[in-house]
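Below is one structure; the comments refer to it alone.
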Amino acid sequence: MERSTLINQRKAKLEKLRSLGVEVYPRRFAQSHPIEEVIDRYSQLPAEELEKKAIKVQLCGRVVSMRGHGKVAFAHIVNGGSKLQVYIRQDKVSPRDYEIYTLLDLGDFIGVEGTLFRTRTGELTVLVGNLHFLAKALRPLPEKWHGLTDVELRYRQRYLDLLANPRTRHIFYLRSRIIKAFREFLDEEGYLEVETPMMQPIPGGATARPFKTFHNALSIDLYLRIAPELYLKRLVVGGLEKVYEINRNFRNEGISTMHNPEFTMLEFYESYSDYNDMMDLTERMLLAVAEKALGESRISYNGRRISLSPPFRRITLRDSLIKWGELSPEQLNSKEELLKIAHGLSLQVEDNISLPKLMNRLFEELVQSNLIEPTFITDYPIEISPLAKQKREDPAIVERFELFIGGLEIANAFSELNDPVEQRRRFEHQLEERAKGDAEAHWMDEDYVNALEHGLPPTGGEGIGIDRLVMLFTDSKSIREVILFPQLRPRGGAGA
RNA sequence: GGGCCGUUAGCUCAACAGGUAGAGCAACUGACUCUUAAUCAGUAGGUUGAAGGUUCGAGUCCUUCACGGCUCACCA
């Protein structure tokens with residue numbers, strides 16, 4: 001049926017309810033219990049006992065199914081994700097309430113007062129005494145059996161996805177629990193949660209293209225942050241020795257199953273510790289989060305069972321290329337050799353690519369997908385790590401790790417560079433890269449260097465991509481499955 | 001940005017080789033006082049994503065565009 005006809009039919013019913021004197025959008029309804037509680041408390045009681053106790057309830061929810069049988073009807077109502085059957089009999093309700101029932105559509109909200117009983121087939125059900133109309137749905141819900149599968153509609157009208165698909169609901173409940181578990185863990189460790197600017201005059205803390213905006217009153221360009229890192233370290237300079245922030249980052253880059261322009265990042269910094277301490281902390285934290293949010297220490301991802309019990313494997317970037325990339329130490333020292341390999345894999349790399357960037361590229365190609373079990377990859381080239389501290393024994397390498405689980409990059413951490421002179425040098429080098437055309441090279445941030453000049457203690461810092469972690473914990477293949485409203489190209493009109 | 005695939009009723013999907021666009025659910029009318037994907041009888045519902053083209057004839061073939069998915073490239 002044409003959509004406007006469906007809506008008009010429902011509007012007509014709405015008017016009929018009004019003409020009966022029914023308040024069609026009332027303010028509130030006093031429920032005696034959420035449906036879930038009723039089920040928890042009474043679903044085990046035998047029918048005879050239910051009848052003897054004659055338990056009175058006032059429940060409400062959205063009507064999701066109706067089965068009329070002449071002068072009686074069964075319906076299911078849903079609230080809080082739980083479903084309960086209600087039973088309306090013409091001889092048990094007032095004529096007015098019965099008329100209200102006849103005007104109900106799937107999707108409407110109702111409240112019922114009645115008595116619990118068990119049907120012949122054993123289902124816990126409310127025998128309705130009074131029926132209250134709570135809100136009208138003018139548009140139909142997705143089909144009851146197949147639900148809503150059109151991916152575009154699921155993302156554009158997430159409310160329908162949430163109504164029709166229990167898995168979607170589950171993912172976002174779990175996402176909430178995961179974030180809460182991170183907070184609880186860090187709070188217990190003595191970390192302070194802070195909020196730092198989303199709008200920054202100089203976008204820093206990562207190598208990525210920013211979104212740009214303009215502040216009228218100040219008449220300046222501002223950038224949506226690509227990372228909170230430099231602000232969090234300013235706080236450590238200020239004596240907030242353990243800080244964390246869970247918030248949005250924005251990167252003006254491509255959209256894919258692994259990338260959304262805005263995404264959620266946990267970053268945390270701890271004074272007097274280094275990247276080794278961060279690895280220990282990460283192991284404890286991920287296990288704690290899994291146990292709290294999932295109730296177990298193992299996850300399933302892409303058909304693989306993965307244990308999050310420490311210790312996690314630790315291997316240097318270089319050794320990982322030897323182990324999984326089957327490269328020799330000699331090859332790893334030669335850009336020409338690596339270029340040959342890259343070309344052999346038909347990777348598109350520019351001939352003037354630097355050795356460290358080439359290594360990283362080969363890592364992504366050859367190694368990353370093998371890192372199913374939690375694995376810390378350590379010791380990155382300095383060139384791609386402008387904010388990390390060098391290793392004492394090899395100044396070309398920094399004290400940094402990335403954590404991979406299920407082949408996904410989950411965390412990135414390092415011993416923070418706290419030498420202001422060296423930091424300035426690194427920024428200057430980045431400026432040269434930028435001048436050479438690297439749009440993602442880091443900006444010079446004099447104010448940040450100035451902060452370092454006041455003294456940053458030895459500090460370990462880490463960022464964890466919350467969306468990817470939620471993907472991992474919910475076995476989701478696309479980041480859009482774990483972001484309620486992922487970025488899509490806008491489309492005219494509602495509903496499509 | 002490139003490649004591949006998709007877009008048909010409110011939802012989920014059909015439609016041979018180019019020959020009158022169909023089903024289930026939802027909706028509407030009627031029957032039915034323990035159903036649960038209720039059942040039964042009937043009714044209505046379509047600019048086949050958009051615009052062009054080929055053809056006697058296009059959901060189907062061609063071109064362009066829009067939106068989406070996957071993938072490659074780019075990118076932490």
Side-chain angles (χ1 to χ4, degrees), chain A residues 1-10 12-13 47 64-76 83-93 98 105-107 117-125 127 137-157 160-161 163-165 205-209 226-227 249 251-261 263 265 346-350 357 360-361 363-365 368 380 384-385 400 402 404 408-412 438-440 442 463 465 468 477-478 480 486 488-493 495-496:
Chain A
M1 178 167 292
E2 194 186 334
R3 178 168 54 204
S4 61
T5 311
L6 284 170
I7 292 173
N8 286 335
Q9 283 170 350
R10 287 177 176 231
K13 289 184 185 173
V64 293
S65 67
M66 283 199 285
R67 294 170 296 282
H69 285 262
K71 298 179 177 59
V72 307
F74 291 88
H76 276 105
K83 200 192 305 190
L84 193 71
Q85 183 166 256
V86 301
Y87 180 40
I88 297 164
R89 296 177 56 106
Q90 192 173 30
D91 58 4
K92 296 285 185 187
V93 298
Y98 193 75
D105 284 306
L106 294 185
F117 77 107
R118 205 172 281 286
T119 62
R120 219 171 265 160
T121 52
E123 180 167 349
L124 187 65
T125 302
L127 176 61
L138 291 178
R139 291 175 188 266
L141 295 178
E143 197 248 350
K144 66 180 175 184
W145 192 240
H146 300 91
L148 186 71
T149 58
D150 184 303
V151 177
E152 186 174 353
L153 283 184
R154 286 185 51 230
Y155 297 155
R156 287 193 195 278
Q157 294 179 269
L160 295 180
D161 185 27
L163 287 172
N165 298 314
T207 53
R209 256 176 267 200
I226 54 176
N249 288 349
R251 298 190 183 175
N252 203 343
E253 291 164 354
I255 295 175
S256 75
T257 50
M258 300 301 287
H259 301 85
N260 194 61
F263 61 100
M265 185 84 130
S346 55
L347 294 185
Q348 293 205 344
V349 290
E350 295 176 19
K357 283 187 179 166
N360 203 40
R361 193 79 186 75
F363 168 82
E364 287 169 1
E365 189 66 25
Q368 184 168 342
Y380 281 72
I384 55 174
S385 317
R400 170 181 176 184
E402 291 191 351
F404 293 86
L408 301 182
E409 177 193 333
I410 295 298
N412 178 24
D438 183 352
E440 284 84 36
H442 208 288
R468 288 185 188 170
K477 279 181 296 176
S478 168
R480 293 181 206 103
L488 298 176
R489 201 177 290 272
R491 192 162 217 191

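Throughout, protein chains are lettered first and strands after them, A, B, ... in sequence-line order, and every chain is numbered starting at 1. All values reported here derive from a predicted model rather than from experimental measurement. In what follows, every heavy atom counts, from backbone to side chain, and hydrogens, waters and symmetry copies are set aside.
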Exercise. Hey, does the side chain of A/R10 come within less than 4.0 Å of B/A26's phosphate (OP1/OP2), counting only N and O?
Worked result: no
Exercise. Does the B/C75 base have a donor-acceptor partner in the side chain of A/H259 within less than 3.5 Å?
Worked result: yes
For this session: Assign A/D150 to base, sugar-phosphate, or nothing according to its heavy-atom contacts below 4.0 angstrom with the strands shown.
Result: sugar-phosphate
Exercise. Do A/N165 side-chain atoms and A/L148 backbone N/O form a donor-acceptor pair below 3.5 Å?
Worked result: yes
For this session: Using the six-membered ring wherever Trp is involved, compare the ring planes of A/H69 and A/F74 and label them parallel, tilted or perpendicular (cut-offs 30° and 60°).
Result: perpendicular
Exercise. Minimum heavy-atom separation for A/L127 to A/R89, with atom names?
Worked result: CD1-CD, 3.9 Å
For this session: Applying side-chain contact (heavy atoms from CB on, under 4.5 Å), run through A/R139 and A/L160 and close with a yes or a no.
Result: CA-CA 11 Å; A/R139 291 175 188 266; A/L160 295 180; over 6 Å; no
Seminar exercise, completed: Of B/U35, B/U33, B/A27, the nucleotide closest to the side chain of A/R120 is B/U35
For this session: Determine the minimum heavy-atom distance between A/L6 and A/P140, stating which atoms define it.
Result: CD1-CG, 4.1 Å
Problem set entry | Distance-only donor-acceptor test, A/Q85 side-chain atoms vs B/U35 base atoms, 3.5 Å | yes
Problem set entry | Watson-Crick or G-U counterpart of B/C32, or none if no pair lies under 3.5 Å | none
For this session: Identify whether any heavy atom of A/L106 sits under 4.0 Å from a base atom; if not, whether one sits that close to sugar-phosphate; answer base, sugar-phosphate or nothing.
Result: sugar-phosphate
For nucleotides 2-6 of chain B, which of its nitrogen or oxygen atoms have a protein nitrogen or oxygen under 3.5 Å away, and what is each distance?
none

Exercise. How would you label the contact of A/F117 with the nucleic acid (heavy atoms, under 4.0 Å): base, sugar-phosphate, or nothing?
Worked result: base
For this session: Return no unless some side-chain N or O of A/R489 is found under 4.0 Å from OP1 or OP2 of B/C67.
Result: yes
Seminar exercise, completed: All heavy atoms of A/A75 vs all of A/M66, minimum pair found to be CB-CG, 3.9 Å
Exercise. Which of these nucleotides, B/C28, B/C75, B/C34, is closest to any side-chain atom of A/K13?
Worked result: B/C28
Problem set entry | A/K13 atom NZ: more than 12 heavy-atom contacts under 6.0 Å | yes
Seminar exercise, completed: Rounded to the nearest 0.5 Å, the CZ atom of A/R251 sits from the CZ atom of A/F263 at a distance of 3.5 Å
For this session: Quick one: look up who B/G52 pairs with, Watson-Crick or G-U, both distances under 3.5 Å, and put none if it's unpaired.
Result: B/C62
For this session: Identify the nucleotide, in any strand shown, that forms a Watson-Crick or G-U wobble pair with B/G57, with both distances under 3.5 Å; if there is none, say none.
Result: none
Exercise. Within less than 4.0 Å of OP1 or OP2 of B/G69, is there a side-chain N or O belonging to A/R480?
Worked result: yes
Exercise. B/U35 phosphate, OP1 or OP2: any side-chain N/O from A/R67 under 4.0 angstrom?
Worked result: no
For this session: Describe the nucleic acid contact of A/T119 in one word from base, sugar-phosphate, nothing, applying a heavy-atom distance below 4.0 Å.
Result: base
Exercise. Under 4.0 Å between a side-chain N/O of A/K144 and OP1 or OP2 of B/A26, yes or no?
Worked result: yes
For this session: Please work out if A/S256 contacts a base, only the sugar-phosphate, or nothing of the nucleic acid, heavy-atom cut-off 4.0 Å.
Result: nothing
Exercise. Quick one: is A/R251 getting a side-chain N or O under 4.0 Å of the B/C75 phosphate, OP1 or OP2?
Worked result: no
Exercise. Across the strands shown, which category fits A/L488 at heavy-atom distances under 4.0 angstrom: base, sugar-phosphate, nothing?
Worked result: sugar-phosphate
Problem set entry | Modelled atom types, side-chain donor and acceptor of A/E440 and A/T207, under 3.5 Å | no
For this session: Pick the P atom in B/U20 and in B/C67, then give their distance to the nearest Å.
Result: 34 Å
Problem set entry | B/G18 versus B/G45 - spacing of their C1' atoms, nearest Å | 27 Å
Exercise. Any side-chain N or O of A/S65 less than 4.0 Å from the OP1 or OP2 oxygen of B/U35?
Worked result: no
Exercise. Contact class for A/G465 vs. all strands (heavy atom < 4.0 Å): base, sugar-phosphate, or nothing?
Worked result: nothing
Exercise. Does OP1 or OP2 of B/C75 have a side-chain N or O of A/R361 closer than 4.0 Å?
Worked result: no
Exercise. What does B/U43 pair with, Watson-Crick or G-U, if both distances are under 3.5 Å?
Worked result: B/A27
Problem set entry | Distance between P atoms of B/G49 and B/A9 (Å, rounded) | 8 Å
Problem set entry | C1'-based separation of B/A73 from B/G59 [nearest Å] | 35 Å
Exercise. Which one, B/C75, B/G68, B/A26, comes nearest to the side chain of A/E440?
Worked result: B/C75
Exercise. Nearest to the side chain of A/E364 - B/G24, B/A37, B/C75?
Worked result: B/C75
Problem set entry | Opposite nucleotide pairing with B/C67, Watson-Crick or G-U, both atom distances under 3.5 Å | B/G6
For this session: Send over the distance from A/M66 CE to B/C34 P, rounded to a whole Å.
Result: 18 Å
For this session: Report the C-alpha distance between A/R67 and A/Q85 in whole Å, list the side-chain angles of each, state the deciding distance to 0.1 Å, and finish with yes or no for side-chain contact (heavy atoms from CB on, under 4.5 Å).
Result: CA-CA 11 Å; A/R67 294 170 296 282; A/Q85 183 166 256; 2.8 Å; yes
I'd like a list of close polar pairs between nucleotides 40-42 of chain B and the protein, N/O only, cut-off under 3.5 Å.
none

For this session: Identify whether any heavy atom of A/A208 sits under 4.0 Å from a base atom; if not, whether one sits that close to sugar-phosphate; answer base, sugar-phosphate or nothing.
Result: sugar-phosphate
Exercise. With respect to the side chain of A/S478, which nucleotide from B/C34, B/C70, B/U33 is positioned closest?
Worked result: B/C70
